[in-house]
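Here the structure comes first, spelled out in structure tokens, and everything after it is commentary.
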Number of protein chains: 2
Amino acid sequence: MNDSLSPALAALADPTRRAILDRLRAGEASAGTLAAPFDISQPAISRHLKVMTGAGLVTHRRDGTRRMFRLAPHRLAEIDAWLDAYRAVLEANYQRLDALLAKDD
Amino acid sequence: MNDSLSPALAALADPTRRAILDRLRAGEASAGTLAAPFDISQPAISRHLKVMTGAGLVTHRRDGTRRMFRLAPHRLAEIDAWLDAYRAVLEANYQRLDALLAKDD
DNA sequence: ATCATTCATAACAATTCATTTATATAACGA
DNA sequence: TCGTTATATAAATGAATTGTTATGAATGAT
């Protein structure tokens with residue numbers, strides 16, 4: 001099995017990493033910028049970025065002493081494609097979810 | 001943070017558990033039926049099912065000595081909703097993904 | 001050359017995870 | 001009540017994960 005989903009989903013299972021990814025929707029950012037909002041050490045963030053890179057969720061390029069990270073949408077698209085198989089089952093539940101989110105329950 | 005995504009994504013990060021979920025798309029199935037295709041011990045599957053239950057991906061009911069499991073689409077819908085935020089970024093990449101899948105690369 | 005900045009890597013401890021074997025529990029049928 | 005079937009739980013183990021502090025490496029500026 002050519003399993004690129006497992007590492008990607010494992011990477012996304014961490015709230016810090018999801019927050020980093022969220023930030024990257026706004027565009028490229030340096031490791032330092034990405035680390036700033038968090039209360040954990042710089043090496044910890046560096047590791048998170050390495051995990052995300054390994055999972056194919058982000059890419060990076062050098063810019064002087066900084067390392068600029070960028071969202072790599074491919075893996076998210078794969079997850080989306082994986083969800084397609086469940087789309088039929090999900091469709092019956094969208095209303096319920098919408099209602100729940102609306103009620104902020 | 002009311003984080004139901006983390007456990008769900010962590011649960012889905014395991015190929016065995018994704019395969020179990022896949023099987024459940026066809027409908028309700030007993031723990032034994034779900035365990036059959038795999039080469040790992042019964043307790044291991046039982047634990048996988050417990051993890052999936054804890055993550056809210058499945059529910060179960062008793063049927064005599066058997067325990068019948070069923071897909072619980074709510075969490076998958078939440079993941080789908082989470083992906084919505086990335087949908088704009090993804091859209092630019094669907095063609096590329098489709099091409100890749102078509103080439104069976 | 002030296003120094004400051006930005007980031008990665010090493011080494012370590014604590015925790016969590018996936019699995020196994022062995023055993024317990026729950027429900028049914030004779 | 002006893003045995004069988006189906007499944008869960010316990011205990012143990014090794015591997016992976018997440019965080020820390022300390023240190024190294026790459027780049028640019030003086």
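Heavy-atom basis, side chains included; hydrogens, waters and symmetry copies ignored. Order of the sequence lines sets the chain letters (A, B, ...), proteins ahead of strands, with each chain counted from 1.
Closest to the side chain of B:I40, from the set D:dT9, C:dT19, D:dT20, is C:dT19. When each of C:dA18, C:dA8, C:dA26 is scored by its nearest atom to the side-chain atoms of B:R62, the top-ranked nucleotide is C:dA26.
Using modelled atom types, no side-chain atom of A:S30 and backbone atom of A:R67 make a donor-acceptor pair closer than 3.5 Å. Between the side chain of B:R25 and the backbone N or O of A:A85, at least one donor-acceptor pair lies under 3.5 Å.
Applying the side-chain hydrogen bond (donor to acceptor under 3.5 Å, both in side chains) test to every pair with at least one member in residues 42-59 of chain A, sequence neighbours left out, gives these pairs: A:R17-A:H48.
Side-chain nitrogen and oxygen atoms of A:K50 include none within less than 4.0 Å of the OP1 or OP2 phosphate oxygen of C:dC7. Proximity of B:S41 to the phosphate of C:dT21: no side-chain N or O atom is located under 4.0 Å from OP1 or OP2. At C:dC17, none of the side-chain N or O atoms of B:H48 fall inside 4.0 Å of OP1 or OP2 (strictly under the cut-off). Within the structure, every side-chain polar atom (N or O) of A:R66 is placed at least 4.0 Å from both OP1 and OP2 of C:dT5. Here A:R17 reaches the OP1 or OP2 of D:dT18: one of its side-chain N or O atoms lies under 4.0 Å away. Contact annotation: B:T16 side-chain N/O to C:dA18 OP1/OP2 distance is not under 4.0 Å. Residue A:T65 has no polar side-chain atom (N or O) positioned under 4.0 Å from OP1 or OP2 of D:dT27.
Heavy atoms of B:R47 sit under 4.0 angstrom from at least one base atom. Heavy atoms of A:F38 sit nowhere under 4.0 angstrom from any nucleic acid atom.
At a threshold of 4.0 Å, the pair B:R87-B:D80 counts as salt-bridged, since one of the basic side-chain nitrogens sits closer than that to a carboxylate oxygen.
What separates CD1 of B:I45 from C1' of C:dT20 is a distance of 13 Å, to the nearest Å. Rounded to whole angstrom, the span from the CE atom of B:M52 across to the P atom of C:dC17 amounts to 15 Å. What separates NE2 of B:H60 from P of D:dA6 is a distance of 18 Å, to the nearest Å. At whole-Å resolution of the value, CG in B:L9 and P in C:dC17 are 14 Å apart. The CZ atom of A:R67 sits 10 Å away from the P atom of D:dA26 (whole-angstrom rounding). One can place CE of A:M68 at 16 Å from P of D:dT27, the figure rounded to the nearest angstrom. Counting to the nearest Å, the P atom of D:dT18 and the CG atom of A:D39 are 18 Å from each other. Remark: P of C:dA18 and CG of B:L49 are 13 Å apart, rounded to the nearest angstrom.
If you check distances only, the side chain of A:Q42 does reach the base of C:dA8 with a donor-acceptor pair under 3.5 Å.
Side chains of B:M68 and B:H60 form no contact here, defined as non-hydrogen atoms less than 4.5 Å apart.
Mapped onto DNA chain D by nearest heavy atom, A:D63 and A:A44 fall at different nucleotides, with A:A44 at the one closer to the 5' end. Both A:V51 and B:P43 sit near DNA chain D, but only B:P43 has its closest nucleotide nearer the 5' end.
Expressed to the nearest 0.5 Å, how far CD1 of A:I79 lies from CG of A:L57 amounts to 6.5 Å.
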